2 protein chains.
Amino acid sequence: MLQLTRDGEYAVRAVLHLAAHEDRVSLIHEISEAQDVPKSYLSKIMQSLTRAGIVKSRRGAKGGFFLARPAGSITLRETIEAVEGPIHLNVCLIKKGECPKDEGCPVHPVWREAQKKLFEVLEGKTMQDLVRDAEAIQKRNSRKLAQAR
Amino acid sequence: MLQLTRDGEYAVRAVLHLAAHEDRVSLIHEISEAQDVPKSYLSKIMQSLTRAGIVKSRRGAKGGFFLARPAGSITLRETIEAVEGPIHLNVCLIKKGECPKDEGCPVHPVWREAQKKLFEVLEGKTMQDLVRDAEAIQKRNSRKLAQAR
DNA sequence: ATATTTAAGATGATTTTAGTCCTGATTTAT
DNA sequence: ATAAATCAGGACTAAAATCATCTTAAATAT
Ligand code: SF4
Ligand code: SF4
């Protein structure tokens, strides 16, 4: 359907939450509530993110999740690909020869270009950028609210 | 999975075939063989394309399919959307409020930008362009073959 | 020890994908 | 008129993906 799955969407929310609270560990329960993601589902998402090396976890009391690397080094693309697998807008972008027509196909280069542009956008924003953007939006919204009273 | 479905891929192949043979009607059977698309599946695809006003059909002997409009006015985007429905890279792009968090979400604008870039690419090539590109590729390939002998 | 917290795997309902097949409607040729 | 050709529409299906949930095991702090 050419649309992000819940896996990808939830992964972004979770990593963004960790980036916004980089100073401490966050619990599944807490992320789930704050980001509106089903708890047991989120548990699976976090496992993928951990295996992908984007977040780290500690089990047991005082355990939880935290970023494995600085928020400024984590992009939307890698967060999504950590849970959805590599993005390929069309089968012919998986690898050469995956579509038997790729050599002489005039549409193939168009998909390559489209995917390149998509990646540029998804790699252009780090989690740090997004946390800052969120703060700016918050500020703008409360200013608007103040004006409206 | 953030990937084009067979519907979209087959639709593009079919419309491209019609664009490359704009002077005459093409049969399901013929498109199916030339473009390597299952015949009965293609039949459904052509119905969607007809309903979307991209191709026209004539039934009966001497019937078949042909472009409803000049190849230069048909883009990849509309061909794909004719069979897959409107493209939305994430649910929040479906319409305002579809995701309850969209107002304060820092990721939302990123998806808007990504989709805009995708559309620019998919609208930047018409079927006429693609037919010409295909011819150019053909010429290049046969020249290479001649050199190699 | 015990309470807390993640890891891993099994399970399952629903939807989407990727097709097939059959019947009917329409057009053309004879 | 009739037969042949060709698309239109709908029913049907198998397999995979999506979106979860639940249970048990392992690790950690106190
Ligand atoms: S665009 Fe061309 S190369 Fe890519 S899948 Fe379609 S036919 Fe194959
Ligand atoms: S990116 Fe933001 S607005 Fe879009 S679906 Fe995710 S949370 Fe909602």
Side-chain angles (χ1 to χ4, degrees), chain A residues 1-14 17-18 24-33 35-68 80 82-88 90-91 99, chain B residues 1-14 18 24-33 35-68 80 82-85 87-88 90-91 99:
Chain A
M1 220 203 324
L2 212 43
Q3 189 180 285
L4 192 74
T5 64
R6 297 323 254 155
D7 279 36
E9 169 64 23
Y10 291 160
V12 171
R13 292 190 198 180
H17 185 93
L18 297 186
R24 55 182 187 76
V25 305
S26 302
L27 306 184
I28 289 266
H29 172 74
E30 169 196 331
I31 304 172
S32 162
E33 296 225 321
Q35 302 300 321
D36 199 34
V37 178
K39 207 169 71 168
S40 56
Y41 196 178
L42 179 60
S43 161
K44 303 269 85 173
I45 303 281
M46 296 313 291
Q47 279 179 38
S48 298
L49 290 171
T50 305
R51 275 192 292 265
I54 292 174
V55 314
K56 284 190 177 168
S57 67
R58 223 179 25 231
R59 303 210 254 210
K62 295 279 174 80
F65 294 92
F66 49 98
L67 293 186
I80 292 166
V83 295
E84 298 208 345
I87 292 172
H88 308 290
N90 199 347
V91 291
C99 170
Chain B
M1 221 202 326
L2 213 42
Q3 188 179 287
L4 192 74
T5 64
R6 298 323 261 158
D7 279 36
E9 169 65 23
Y10 291 160
V12 171
R13 292 190 199 181
L18 297 185
R24 55 181 187 75
V25 304
S26 303
L27 305 182
I28 289 266
H29 173 74
E30 168 197 332
I31 304 174
S32 162
E33 296 225 322
Q35 302 299 320
D36 199 33
V37 179
K39 207 168 73 171
S40 57
Y41 196 179
L42 180 59
S43 160
K44 305 267 85 175
I45 303 281
M46 297 311 292
Q47 279 178 39
S48 297
L49 290 171
T50 305
R51 276 193 291 264
I54 292 174
V55 313
K56 284 189 176 168
S57 66
R58 225 178 24 230
R59 301 208 256 209
K62 294 276 174 85
F65 293 92
F66 50 97
L67 293 186
I80 292 166
V83 295
E84 298 208 346
I87 292 172
H88 308 290
N90 200 347
V91 292
C99 170

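Since the model is a prediction, treat every value here as computed from it, not as a measurement. So you know, we letter chains A, B, ... as the sequences are listed, proteins then strands, and number each from 1.
For C:dT5, the OP1/OP2 oxygens have no side-chain nitrogen or oxygen of A:Ser57 closer than 4.0 Å.
The distance from atom CD of B:Gln3 to atom C1' of D:dA16 is 13 Å, rounded to the nearest whole Å. For the pair A:Gln47 CD and C:dA10 P, the computed distance is 13 Å after rounding to whole Å. Whole-Å rounding puts the A:Ile31 CD1 to C:dT5 P distance at 13 Å. Residue B:Arg51 contributes atom CZ, which lies 15 Å from atom P of D:dC7 at whole-angstrom precision.
Atom CG of A:Asn90 and atom CG of B:Leu4 lie 5.0 Å apart (nearest 0.5 Å). With rounding to the nearest 0.5 Å, the separation of CG in B:Asp36 from CD1 in B:Ile31 is 13.5 Å. Between the CD1 atom of A:Ile28 and the NZ atom of A:Lys44 there is a distance of 10.0 Å, given to the nearest 0.5 Å. From A:Ile45, atom CD1 reaches atom CD of A:Gln35 across 13.0 Å, with rounding to the nearest 0.5 Å. Between the CG atom of B:Leu67 and the CG atom of B:Leu18 there is a distance of 5.0 Å, given to the nearest 0.5 Å. Atom-to-atom distance recorded for A:Leu49:CG and A:Lys56:NZ is 14.5 Å, nearest 0.5 angstrom.
Put simply, the side chain of B:Val91 reaches to within 4.5 Å of the side chain of A:Arg6, judged on heavy atoms. The closest side-chain heavy-atom distance from A:Tyr41 to A:Asp7 is below 4.5 Å. Annotation: side chain of B:Ser32 is not in contact with side chain of B:His29 (no heavy-atom distance under 4.5 Å). A:Met46 places none of its side-chain heavy atoms less than 4.5 Å from the side chain of A:Val37. Side chains of B:Val25 and B:Lys62 form no contact here, defined as non-hydrogen atoms less than 4.5 Å apart.
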task = Sugar-phosphate atoms are those with a prime plus P, OP1 and OP2; base atoms are the rest. Using that split, label each nucleotide of nucleotides 14-22 of chain C B, S or - for protein heavy atoms under 4.0 Å, 5' to 3'.
result = ---SBSBB-

Distances under 3.5 Å only, N/O to N/O: pair up the protein atoms with those of nucleotides 1-6 of chain D.
| from | atom 1 | to | atom 2 | distance (Å) |
| --- | --- | --- | --- | --- |
| D:dT6 | O4' | B:Gly60 | O | 3.2 |
| D:dT6 | O2 | B:Gly60 | N | 3.2 |

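Summary for the helix from C:dA1-D:dT30 to C:dT30-D:dA1: the axes at its two ends, each from 5 pairs, differ by 10° when rounded to the nearest 10 degrees.
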